[in-house]
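What follows is a single structure, written as structure tokens, with notes after it.
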Amino acid sequence: MSTRAGRLRLLLESSHLAFLMEAHNGLSARIAEEAGFEAIWASGLSISASLGVRDCNEASWTQTLECVEFMADATAVPILVDGDSGHGNFNNARRFVRKLEARGAAGVCLEDKCFPKANSFVNGERQELADTAEFAGRVRAAADARADDAFVVVARTEAFVVGRGLDEALRRAEAYWRAGADAILVHSARDHAGEVLAFKAAWGETLPVIVVPTKYHGTPTDVFREHGFAAVIWANHLLRASVQAMQEVAARIAADQALHHVEGRIAPLAEVFRLQRMDELEEAERRYLGAGSDPSLLKIA
């Protein structure tokens, strides 16, 4: 499968553990791709934070789409989009999928929460889950809406996060599988991998299973590999790395009222220009404007 959606599907269906790195704009997506990641997670938390708002659907779905479009333009690897709870009911979810496909996304992940959602790590046990049948309808609508059958629909269950336990997680995952999900993302807020490992042992190979070890980061990656998980998402780490770096540099410049102590610790402008692909523009100018031409003289026929 040569499309991005096809490549994402192959990654998730492969016998090898896949890794998706978080990104939140075109620049971070390109950095993730250059680091060697075969796919990108367009994180709702990170996109929201980069816009200066909370991860509770304060950023609109059209603003998310715009960010995803820049990410797709900046890279060639597949992008799995964090679709929150689908931005409403089944109708919102299916429209969101159509628009994501048009902007180059390879898949969407929908979580079984109500709208507006809240971040799983903020008072998670006090959050409400969507009705199972109603959310299954959202998943079915998303799957039916895609123009490319390879486009991946991931159903994410928050049963562990809200304290409902293994049986509820399995019951919901089965309903979402029967509704047309291509993979299950099982989430946990514990500081160990016990919940997700128990889920995978009971679930088996019914559908590929994705994990997000943000809280149980001490679990060796080989544990996920040995238990047959399909993919691991490093869900917010480029955003968090950039936050710390910006805080440190801003504080130092404010304290020093000068730049000399930070200049050697930050990316040179030449690296920024390289990431922006200025070389491609220069080559295009030579091709389309001609050697020695004045760009200001270019006329549109």
Side-chain angles (χ1 to χ4, degrees), residues 1-26 28-44 46-47 64-65 67-84 86 93-94 96-111 138-157 173 176-177 179-187 200 205-213 221 224-225 228-238:
M1 297 182 184
S2 59
T3 66
R4 294 200 217 199
R7 282 183 278 136
L8 178 61
R9 182 173 291 273
L10 287 175
L11 277 177
L12 296 180
E13 293 177 352
S14 166
S15 59
H16 302 291
L17 183 65
F19 300 96
L20 287 77
M21 173 54 82
E22 166 266 323
H24 47 278
N25 56 25
S28 58
R30 181 164 288 159
I31 288 171
E33 181 182 48
E34 288 190 352
F37 286 97
E38 295 181 280
I40 288 169
W41 169 249
S43 162
S46 297
I47 290 173
T64 299
L65 280 174
C67 291
V68 170
E69 183 174 16
F70 276 106
M71 292 165 66
D73 285 347
T75 59
V77 296
I79 299 172
L80 176 61
V81 177
D82 180 357
D84 292 336
R94 65 180 181 171
F96 187 55
V97 164
R98 294 188 193 110
K99 296 302 182 181
L100 284 176
E101 279 196 282
R103 284 159 173 77
V108 68
C109 179
L110 302 178
E111 62 193 70
R138 281 184 243 168
V139 172
R140 184 175 295 108
D144 288 348
R146 56 192 168 191
D148 179 358
D149 287 341
F151 184 88
V152 176
V153 176
V154 178
R156 166 175 161 175
T157 181
Y176 307 156
W177 163 50
D182 300 302
I184 299 294
L185 191 158
V186 59
H187 208 18
K200 185 63 174 69
E205 302 301 321
T206 308
L207 277 183
V209 179
I210 302 169
V211 288
V212 184
T221 301
F224 305 126
R225 190 174 281 114
F229 287 95
V232 172
I233 295 175
W234 313 120
N236 44 58
H237 295 77
L238 292 187

Quick check: does any side chain N or O of Arg98 sit under 3.5 Å from a backbone N or O of Arg146, one acting as donor and the other as acceptor?
->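 No.
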
Validation row: [X], [Y] side chains within 4.5 angstrom (heavy atoms):
X      : Y      : result
Val77  : Phe37  : no
Leu110 : Arg156 : no
Phe151 : Asp182 : no
Phe229 : Pro208 : no
Val211 : Val186 : yes
Phe70  : Asn25  : no

I need the minimum non-hydrogen distance between [X] and [Y], along with the two atoms involved.
X      : Y      : value
Leu8   : Ala39  : CD1-CB, 4.3 Å
Val68  : Ala42  : CG2-CB, 4.3 Å
Pro78  : Ala106 : CB-CB, 3.7 Å
Gly107 : Leu80  : C-CD1, 3.5 Å
Ile210 : Ala183 : CD1-CB, 4.3 Å
Met21  : Ala32  : CG-CB, 3.8 Å

Stepwise side-chain contact (heavy atoms from CB on, under 4.5 Å) test for Arg9 and Arg4 | CA-CA 9 Å; Arg9 182 173 291 273; Arg4 294 200 217 199; over 6 Å; no

Check step by step if side-chain hydrogen bond (donor to acceptor under 3.5 Å, both in side chains) holds for Glu33 and Thr75.
-> CA-CA 7 Å; Glu33 181 182 48; Thr75 59; 5.0 Å; no

Could you walk me through whether Arg94 and Asp144 pass the salt bridge (Lys or Arg N to Asp or Glu O under 4.0 Å) check?
-> CA-CA 8 Å; Arg94 65 180 181 171; Asp144 288 348; over 6 Å; no

Out of curiosity, [X] [atom1] to [Y] [atom2], how far, rounded to the nearest 0.5 Å?
X      : Y      : atom1 : atom2 : result
Thr3   : Glu101 : OG1   : CD    : 9.5 Å
Glu13  : Leu207 : CD    : CG    : 9.5 Å
Asp82  : Leu185 : CG    : CG    : 9.0 Å
Ser46  : Trp41  : OG    : CH2   : 10.0 Å
Leu238 : Glu22  : CG    : CD    : 5.0 Å
Leu11  : Phe19  : CG    : CZ    : 11.0 Å

Let me see the working for His187 and Thr157 under side-chain contact (heavy atoms from CB on, under 4.5 Å), right down to the final yes or no.
-> CA-CA 6 Å; His187 208 18; Thr157 181; over 6 Å; no

